[in-house]
Each structure stands twice: as structure tokens, then as C-alpha cells.
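Just so you know, ligand 1 is whichever comes first in the structure, and atom 1 is the first atom listed for that ligand.
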Amino acid sequence: MTSSADFPERYGPWALVTGASDGIGRAIARELAARGLHLVLVARRREALEAVAQELGSGFGIQTRVVAADLSSPAERRRLELVVGGTPVGLVVAAAGFGTSGPFLEADPEAESGMLEVNCAAVLELCLHFAPRLQRRGGGGIILLSSLLAFQGVPGAAHYAATKAWVQTLAEGLRPEFRRHGIDLLCAAPGPVRSGFGARARMTLGFAAEADDVARDVVQALERRRFLVRPAMLSWLLEASLKPLPRFARTRILAKIMDGMTRRPPEAATVGPATRI
Ligand SMILES: NC(=O)c1ccc[n+]([C@@H]2O[C@H](COP(=O)([O-])OP(=O)(O)OC[C@H]3O[C@@H](n4cnc5c(N)ncnc54)[C@H](OP(=O)(O)O)[C@@H]3O)[C@@H](O)[C@H]2O)c1
């Protein structure tokens, strides 16, 4: 267990947090700032990142750097690596990500390949870039974001669930190797969380955990050197109810849940004469 006093020594002086402009990434950034880590904040929206930097810098007396980058672009990912090249990063949090939902036969190919780039390729490249650096400095940490949906196929969010299964499998495979080099790899698998995620994925999350509760549980789990965390009580409860079931039964249940979460109003109802501009 790492105490709060040891935290900056083990995971600092700097942490890099992707997806820091919103939701879970922003909340994790706050937890890290409260433990005295300086922060490189990464996402696309510069203004939102600067607001987070301003708040955490003045609130916790830490240094911040903002890198506005679209992680769906391989060139932007290279630029991020160059920009942070000289920064002594001891902890990487790969929280940038998004989901899509609805029938796969109606999917937008561009959105699906963008999701694969952000949820998988960017995560892989962050691990490839930073893990050897953490090994050379004698250790550190990496936090990846999986999902409750990662543990079975999910009709209505088939590709999103597959990207999170990819993250989960990668994390499980890397954990023992990283551990031998003092790198703590943690994989967080939340259930529904209130954040920007639902609107972007076009999912209605009826009940959802708070991003602050998720972030608190994730960072406390890192302090305890745990691997897989179901952050916030809701994630834990949902997992506990699905876990005893065989995979095909979980898929059937999640298909029904996704159907409710992704039901779109008929075209005519959403674009009536009054709403047409
Ligand atoms: N919310 C949930 O129910 C839930 C459940 C399980 C797992 N997760 C996972 O948790 C992670 C965080 O999600 P969240 O709930 O915090 O969602 P969120 O509030 O929508 O935040 C997503 C973050 O990712 C950034 N991002 C998205 N696309 C990006 C891109 N192309 N390049 C760079 N940054 C990008 C966004 O910033 P910009 O828009 O400024 O780029 C934002 O900071 C995701 O990996 C998600 O899959 C979420």
C-alpha cells in the first residue's frame, strides 16, 4: 500500500492524463492533484483543459501543462509523445475514450474507426511509449479504462464493448510483466457513469455513478496496488449480479438493457415542423 505521503515519490513528479477535459479523466486528475502530482492534461478541447488546469493549479499548488490533441489521429499521437518527451512522467492515465451505440448495420464507418483509434490504438501507443520509460526510472503506474461491457458481447454496442474487451485483455496480459519492473498497472471497469459519455454515445444512462466517486475508488485502488477495480458501488453491484451467469446469458441481458438505453425516437417525432429551421 502506498500512503498519500509516498504517492508523489512513487507516481510523480508528473502524471499524464488523457481525457482530462471531462468526466472520469477530469475527476482522476483532481484526485492526483490532491496528492501533489503535477499534471499533463490531454484532450481535444483546449479551453476545457485550460479551465481544469487553472482550477487544479490554483487549488492544489501543482504545475500543469495542457496538450490539445485529437488522439484519433496517429500524427497527433506522435506530436503528443514529442511534446511530453522531456517531462518526468511517473503515472499515465488513459481515460480518453468514447462509445457508439445502435444497430451495427447503421453504423458510421468514420465514427467506428475513430473509436478504434482512440479506445485501442492510442492506449497501445501510450503503453509502448511510456512503459519502457517507467521501467528505466525504476517504476511508476499506468491506469487503463475498461468497462462493465468488456466481459461479454453487447448487442447495440458491439464495437464499443469489443474495444473495451481489447483494453481488458491487454491489461491482464501486461500486468505480470510490468509488475516485475515496478510498474503498477490498474484496469478500471466502471458500469454507467454520469459524464459526457452518454450524450456522445447516444445512450440514455438512467442510473449512473458519479465520476468523482469512480475517480476516488480508482486512485485508492492504485494506492493499494490492486489490478482490477469496479469503481463506485453501482459498478460493483452490476458486476456481482452478472458474474454468476454464463457469457451468453449476460449478452442477452445486456442486449435488453442496451435496447432501453439506445431506443431512438421515430424520425417524424424528432424533426417535426416546429423544430425544422
Ligand atoms: N461514462 C461511462 O458510463 C463509462 C463506463 C465505462 C467506461 N467508461 C470509459 O471511461 C473513459 C472516460 O469516459 P467518460 O465517462 O469520462 O466520458 P466523457 O465525459 O465523454 O470524457 C471523455 C474524455 O475523452 C476525451 N476524448 C474523447 N475523444 C477524444 C479524442 N479523439 N482525442 C482526445 N481526447 C478525446 C474527451 O475530451 P474532448 O472531447 O475534449 O476531446 C473527454 O475528456 C472512456 O474510455 C470510457 O469508455 C465510461
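- The shortest contact between atom 18 (P) of ligand 1 and any protein heavy atom is with Phe197 N, 3.6 Å.
- Ranking protein heavy atoms by distance to atom 22 (C) of ligand 1, first place goes to Gly97 O, 3.6 Å.
- Residue Glu117 places every heavy atom at 4.0 Å or more from ligand 1.
- Taking distance alone, with nitrogen or oxygen atoms compared against 3.5 Å, Leu145 stays at or beyond that limit from ligand 1.
- Contact atoms of ligand 1 toward Ile24: 10 (O), 15 (O), 16 (O), 48 (C) (distance under 4.0 Å to a heavy atom of the residue).
- Ranking the protein heavy atoms by distance from atom 27 (C) of ligand 1 puts Arg200 NH1, 3.2 Å first.
- Every atom of ligand 1 is numbered from 1 in the order shown, and the set under 4.0 Å from a heavy atom of Arg45 is 37 (O), 38 (P), 39 (O), 40 (O).
- Comparing Ala122, Ala68, Ala208, Gly191 against atom 4 (C) of ligand 1, the shortest heavy-atom distance belongs to Gly191.
- Under a 4.0 angstrom heavy-atom cut-off, Ala188 registers as lying outside contact with ligand 1.
- Of the charged side-chain nitrogens involved, none lies within less than 4.0 Å of a carboxylate oxygen, so that Asp259 and Lys256 do not count as a salt-bridged pair.
- Not a single heavy atom of Gly99 lies less than 4.0 angstrom from ligand 1.
- At under 3.5 Å, a nitrogen or oxygen of Gly196, whether backbone or side chain, sits near a nitrogen or oxygen of ligand 1.
- Those atoms of ligand 1 with a heavy atom of Ala69 less than 4.0 angstrom away are 32 (N), 33 (C).
- Among protein heavy atoms, atom 15 (O) of ligand 1 sits closest to Ser195 OG, 2.6 Å.
- Stacking of Arg230 on the aromatic ring of Phe151 is recorded, both the 6.0 Å distance cut-off and the 45° axial limit being met.
- A salt bridge links Glu117 to Arg77: at least one charged side-chain nitrogen sits closer than 4.0 Å to a carboxylate oxygen.
- Within the structure, ligand 1 lacks Ala189 among the residues with a heavy atom less than 4.0 angstrom away.
- Side chains of Gln54 and Glu50: no donor on one and acceptor on the other come within 3.5 Å.
- Using a distance-only test at 3.5 Å, with no hydrogens or angles considered, no donor-acceptor pair links the side chain of Thr169 to the main chain of Trp166.
- For Thr18 (side chain) and Ala96 (main-chain N/O), a donor-acceptor pair under 3.5 Å exists by modelled atom type.
- Of all atoms in ligand 1, numbered sequentially from 1 with element shown, those under 4.0 Å from a heavy atom of Leu71 are 30 (C), 31 (N), 32 (N), 33 (C).
- The closest donor-acceptor contact from the side chain of Thr251 to the backbone of Gly153 lies under 3.5 Å.
- Looking from atom 6 (C) of ligand 1 to the surrounding protein, the closest heavy atom is Pro190 O, 3.4 Å.
- Protein heavy atom closest to atom 46 (C) of ligand 1, with residue, atom name and distance, is Tyr160 OH, 3.6 Å.
- Within the listing of ligand 1, atoms 36 (C), 37 (O), 38 (P), 40 (O), 42 (C), 43 (O) sit less than 4.0 angstrom from a heavy atom of Ser21.
- When the options Ser73, Gly19, Ala95 are ranked by their closest heavy atom to atom 12 (C) of ligand 1, first place goes to Ala95.
- Here the protein heavy atom with the shortest distance to atom 39 (O) of ligand 1 is Arg44 NH2, 2.9 Å.
- For ligand 1, the atoms closer than 4.0 angstrom to any heavy atom of Gly23 are 16 (O), 19 (O).
- Remark: the Tyr11 side chain and the Asp184 side chain contain an N/O donor-acceptor pair separated by less than 3.5 Å.
- At least one cation-pi condition fails for Arg175 and Phe227: the charged atom is not both under 6.0 angstrom from the six-membered ring centre and inside a 45 degree cone around its axis.
- With Arg194 contributing its side chain and Glu210 its backbone, the two residues share no donor-acceptor pair below 3.5 Å.
- Close contacts between ligand 1 and Ser147 involve ligand atoms 6 (C), 7 (C) [criterion: under 4.0 Å to a heavy atom].
- For ligand 1, one of its N or O atoms has an N or O atom of Val193 under 3.5 Å away.
- Annotation: atom 26 (N) of ligand 1 to nearest protein heavy atom, Ala96 CB, 4.1 Å.
- Counting the atoms of ligand 1 from 1 in the order shown, those under 4.0 Å from a heavy atom of Asp70 are 30 (C), 31 (N), 32 (N).
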